[in-house]
Protein chains: 2
Amino acid sequence: MAETPQVQLPARRRQIADAARHLLEAEGPDALTMRRIGEALGIKAPSLYKHLPDKTALEAQLVADAFTELAEAMEAASANAASPTVRLAAVARAYRRYAVDHPHLYRLMNYRPLRRDLLPDDLENRSALPLLEAVEYDEARARAMWAFAHGMVSLEIDNRFPSTADLDAAWQAGLAAFS
Amino acid sequence: MAETPQVQLPARRRQIADAARHLLEAEGPDALTMRRIGEALGIKAPSLYKHLPDKTALEAQLVADAFTELAEAMEAASANAASPTVRLAAVARAYRRYAVDHPHLYRLMNYRPLRRDLLPDDLENRSALPLLEAVEYDEARARAMWAFAHGMVSLEIDNRFPSTADLDAAWQAGLAAFS
DNA sequence: ACCGTAGGCTAACGGTGTTAGCCAGGTCAA
DNA sequence: TTGACCTGGCTAACACCGTTAGCCTACGGT
């Protein structure tokens, strides 16, 4: 629990991941090119391949970091909850918060095939757990709630709702329905 | 109502859209390149630009067609519904069906910025209407239900649920919650 | 003092969307 | 009939992408 956030990475590789993440969050997915990442570190793109096998591995690193952070945020929200209803609302709020604060990262996690082979294998379980607890281990309800939350934040960050839409009301409707 | 499905397009442009759609559905998004589309029509990629301004416009065409079809499917499902509860279930079933039958198209519609400027302007309203009717014009519940449905099919077509998951049960849980 | 390796580099390849410029063929008017 | 114009093909090329091959420099260890 007092362990490092991710599996220990070679320092240079960590720097690359950090630069990549900064580019993605600051300028969006089109800026996430090997040449741009190299430039941010003062080296040329081909040199990056001394540290990673390919771009897919780098993206997987970003995704793994993001899943870990999201799980941590939900765990923290879940910790001090008095009742299941309160806990569900708190976990949902943390989920939404993370997505809205990191939309490009959220899309990288969720809008493309999940490379489970390149990720730590407990990641999915860990990030599913807070929600599962909050619905008292009712799997069907947990999956429905997960879908609702994922749908809500997707539609929100992609500007699919009318600008006049009361999203808090929609969240409230969903939470009430699943509590 | 007896009108053509889309706004009348020049024949060649319609052929291009059809070829593109076939490529996308048969081989996935990586196959949707201007060169492949040209090849399917027996012409070279640059010649396509005699008929369209750019690839974005072509994708917008596919998206517009898909939204129209999805709206039609939901309208048909909605038509013969005895009660609101039945209607909601029928519309949801039609939505899921369309997404599962056309996953690549569904992602093209939903996993990237919506170019509203390139789409017919009543499209979004039209495809929102069946669901809105089914929840008797409760906007918050409509948005929550939309998010739930979008989340469910996204997670399903992207293989995010465990293979053992009972998706019908999750749908049932959601529908019950929103009825 | 040597040797191996770590980590840079340049050049290049095949792919992408896209533009410029050329040219054959058909249509239509004078 | 002839000339003009337009439609819709073409090739060549550009800038960018991820990636590979091969070179070279500097450092660490025996």
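By convention in this document, chain letters (A, B, ...) are assigned in the order of the sequence lines, proteins followed by strands, and residues within each chain are numbered from 1.
Residue pairs meeting the ring-ring contact (aromatic ring centres under 6.0 Å, His included) criterion with at least one member in residues 10-53 of chain A, sequence neighbours excluded, do not occur.
The CZ atom of A/R36 sits 15 Å away from the C1' atom of D/dA15 (whole-angstrom rounding). Atom CZ of A/R35 is separated from atom P of C/dC9 by 13 Å (rounded to the nearest Å). For B/I16 and D/dT7, the CD1 to C1' distance is 13 Å, given to the nearest whole Å. Spacing between atom CD of B/E59 and atom C1' of C/dG17 amounts to 11 Å, rounded to whole angstrom units. Whole-Å rounding puts the B/D30 CG to D/dG18 P distance at 14 Å. Put simply, CE on A/M34 is 19 Å from C1' on D/dA15, counting in whole angstrom units. Summarising the geometry, the separation between CD1 on B/I37 and P on C/dG17 is reported as 7 Å, rounded to the nearest angstrom.
A heavy atom closer than 4.0 Å to some atom of DNA chain D occurs in no member of residues 108-116 of chain B. Contacts between residues 44-56 of chain A and DNA chain C, counted as heavy-atom distances below 4.0 Å, involve A/K44, A/P46, A/S47, A/K50, A/H51.
Applying the side chain to side chain contact (heavy atoms under 4.5 Å, CB included) test to A/S163 and every residue at least two apart in sequence or in another chain returns nothing. By the side chain to side chain contact (heavy atoms under 4.5 Å, CB included) test, A/A20 is found to be paired with A/L32, A/I37, A/L58, A/L62, residues two or more places apart in sequence or in another chain being considered. For the salt bridge (charged side-chain N to carboxylate O under 4.0 Å, His left out) test, no residue two or more places apart in sequence or in another chain qualifies with A/R35. Taking A/D18 as the reference, A/R14 meet the side chain to side chain contact (heavy atoms under 4.5 Å, CB included) condition, with sequence neighbours excluded. Scored by the ring-ring contact (aromatic ring centres under 6.0 Å, His included) test, A/Y111 finds B/Y111 as partners (sequence neighbours excluded).
Of the residues A/L131, A/D138, A/V91, the one that meets the side-chain contact (heavy atoms from CB on, under 4.5 Å) test with A/M145 is A/L131.
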Which donor-acceptor pairs under 3.5 Å do side chains of residues 171-179 of chain A form with protein atoms, sequence neighbours excluded?
unit_1 : atom_1 : unit_2 : atom_2 : d
A/S179 : OG     : A/L175 : O      : 2.7

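Here B/L41 lies out of heavy-atom contact (under 4.0 Å) with every strand. Within 4.0 Å (heavy atoms only), A/R12 reaches sugar-phosphate atoms of the nucleic acid but no base atom.
You'll find the side chain of B/K44 stays beyond 4.5 Å of the side chain of B/E39, heavy atoms only.
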